[in-house]
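What follows is one structure encoded as structure tokens, with my remarks underneath.
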Amino acid sequence: MSRPSAVRHALGHAAVVAATGAALYPVLWVIKMALSPGQAFDPSPSPWPRVVSLQNFRDLWGLGGTGHLWRELGNSLIVAVATALVGLLSSATAAFAFSRLRFRGRQASLAFFLATQMFPGIMMAIPLYILLDDLRLLDSLTGLVLVYSTTSVPFCVWSLKGYLDTLPRELDEAARIDGATSWQIFWKVILPLARPALAVTALFAFLSAWNEYILAATFLGDARKYTLPVALQSYVGEYHTEWGHFAAGAIVVSIPVMLVFFALQKHLVAGLTAGGVKG
Amino acid sequence: MAEVELKGIRKELGGNAILRGIDLAVADGELLVLVGPSGCGKTTLLRLVAGLEELSGGEIWIGGRRVDALPPAERDVAMVFQSYALYPHMTVRENMAFGLTLKKLPRVEIDRRVEETAALLELGALLDRRPRQLSGGQRQRVAMGRAIVRRPQVFLFDEPLSNLDAALRHQVRLELGKLHRQLGSTMIYVTHDQVEAMTLADRMALLRAGELMQAGPPLELYEQPRNRFVGGFLGAPPMSFLAATARVDGAGGGRCRAEGRGFSLELPGSFELHDGREIWLGVRPEDLALAPVAPEGRLLRGSVDAVEILGWEAHVELRVGDGTVTARAEAARLGALRPGAPLSLEVRTEGLRIFERSAEGGGAEPALAAAGKGARAHVG
Ligand SMILES: Nc1ncnc2c1ncn2[C@@H]1O[C@H](COP(=O)(O)OP(=O)(O)OP(=O)(O)O)[C@@H](O)[C@H]1O
Ligand SMILES: [Mg+2]
């Protein structure tokens, strides 16, 4: 290595450190607010808390305070996991059919699935509200899972089909000659190979449900059914915002997301690059 | 008994006729090699036999049973794909056992067959690896093993060696020939490689644009090409063609000559052509020899177009009139032969093939029958 390149190396590092700092600063700020006692907004630029206390977290868990974070965390987990499961189960079979079988109306149904993705979710809020009301599923987590599935299933089908299309057709053909039925090809050959894509798909469905606020706030009136985003929003009042509780809640919301990311990381990278390079 | 009979096979894809009426029979235990230029329909024919594609017309019989309406699994065939198509998530053992597991064979029987086949293909040490941990040659053997464990009536191979390097290809080719003799099964084998075709084939079938040009033992195709396409396809370097006109000299006792621009060759007595007939002269490289002196009726004079030295042997392209011929010669004897230099070649006229020359032949003009023995060309 010559000198100029060593200098460039150092400059490069400095740039990366600066960028990382810029990205981390707001996060540190949220942590500061969560760890500072009280609900006031502290405008000082320092990202470090002056006094460290866990009072905000205690309040949220309902320890001596008024929070019900356990309940809200539970609701959110139920909704997000159920949405991911529904998305995965129905989209895996559908994507296999769209990718591998030739049937009447295949193109049309695919286009239809795509069309459902073109409307912003909020546009469907009122029709969905009326439907849920008819089905007596307002104020229910089941109803919310159904609503989330209407958007996540078509997306999952498309993304999974895209991945299955990259798996060589000869694998199916070899299996067919080996005597496998379509179901066996799906179950024993395609599904194990689609694991990275399944992980990405599940993660997407999970996150879309986990983060969703507007529809949940529209369909859930009963505070006992609140999911985390709706609960969080309740700390932001018209005249008064409980900044400490809000920040602590935001951290609690992001922890499961990070856990899921770490658990699926290996598959995620494989899934995102899948199709780029064969083999 | 597992002979394969193809009767009037037709296949259309996207409005194109891919196969236009193929009639072909493969005897029990025979290895038929399917050759032809790229895109002529070899893979399609194989896939039709396997049941991966539906026929547009015709019948397929395997072992006296009509199978063209049966799904692949019930045809009792195994196919080795060019890309091998091994299941990436399964070990070698699982890959080979997959078909047997689906048939619900007893575990012991499956294990026994897999071990047996692995031993035959020297895969014993690799059974617990996954395909990505294998070399190309090893994958190729696993693909073969997956076919063999099933003990099918018919094996179908689609260019199984084309992904291997030359040395490995040579070795696997020898093994494959041995394997065929050991198993005694019927095989249909697609290849681009002429050496593979010539050495492995009991019989060879040559396709061109969805039509069967000729089928028979490899030497028969080589020595008695039924048309100009067959003549030009087999042999490396290939047969050269010179446009000529037949001349019958009254004085020469009815002997035929082939006259073209820059040459006049005497045809062997077995050909009886009427005067003025337009013909293609097919000349194989091995029938041309470097010869400064030769009888006038056996001499081709021209100028050197190109010289390719391949080691011991060299190929010389000679421009004769408005055509070219390729000769094979010992490189050491060529000296410093430069393009443009004049050169004379002696033609072994007994080796000449003669084809009709007409506007509508399209490269597959039929061979003209020779009356005498030795050159029984069929007019197709
Ligand atoms: N799905 C398809 N639709 C339309 N035409 C097709 C389709 N598949 C193949 N073909 C055409 O069929 C012809 C035969 O294809 P095939 O793959 O059988 O050729 P091949 O002899 O195996 O060639 P190669 O030696 O290159 O493998 C080709 O001209 C190809 O373009
Ligand atoms: Mg092919």
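Everything quoted here is computed from the prediction, not taken from an experiment.
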Considering only residues two or more places apart or on different chains, which pairs with a residue in residues 141-164 of chain A satisfy salt bridge (Lys or Arg N to Asp or Glu O under 4.0 Å)? A/Lys161-A/Asp165
Inter-chain polar pairs, chain A versus chain B: which donor-acceptor atoms lie under 3.5 Å apart?
unit_1   : atom_1 : unit_2   : atom_2 : d
A/Glu170 : OE1    : B/Ser83  : OG     : 2.2
A/Glu173 : OE1    : B/Arg47  : NH1    : 2.8
A/Glu173 : OE2    : B/Arg47  : NH1    : 3.2
A/Glu173 : OE2    : B/Arg47  : NH2    : 2.7
A/Ala175 : N      : B/Tyr87  : OH     : 3.2
A/Ile177 : O      : B/Arg150 : NH1    : 3.3
A/Ile177 : O      : B/Arg150 : NH2    : 3.4
A/Asp178 : OD1    : B/Arg150 : NH1    : 3.3
A/Asp178 : OD2    : B/Tyr87  : OH     : 2.9
A/Lys188 : O      : B/His89  : NE2    : 2.8

Whatever's closer than 4.5 Å to a heavy atom in chain A on B/Leu86 counts as backbone
Below 4.5 Å, heavy-atom pairs only: which of A/Gly179, A/Pro192, A/Ala174 has the largest tally toward chain B? A/Ala174
Under 3.5 Å, sequence neighbours excluded: what are the donor-acceptor pairs made by side chains of residues 205-213 of chain A?
unit_1   : atom_1 : unit_2   : atom_2 : d
A/Ser208 : OG     : A/Phe204 : O      : 3.3
A/Ser208 : OG     : A/Ala205 : O      : 3.0
A/Trp210 : NE1    : A/Val253 : O      : 3.0
A/Asn211 : ND2    : A/Leu207 : O      : 3.4
A/Glu212 : OE1    : A/Tyr148 : OH     : 2.7
A/Glu212 : OE1    : A/Leu215 : N      : 3.3
A/Glu212 : OE1    : A/Ala216 : N      : 3.0
A/Glu212 : OE2    : A/Ile214 : N      : 3.1
A/Glu212 : OE2    : A/Leu215 : N      : 2.7

Qualifying salt bridge (Lys or Arg N to Asp or Glu O under 4.0 Å) pairs, either residue in residues 108-121 of chain A, two or more places apart: none
Minimum side-chain heavy-atom gap B/Pro152-A/Ile177 below 4.5 Å: no
CZ of A/Phe103: more than 12 outside heavy atoms within 6.0 angstrom? yes
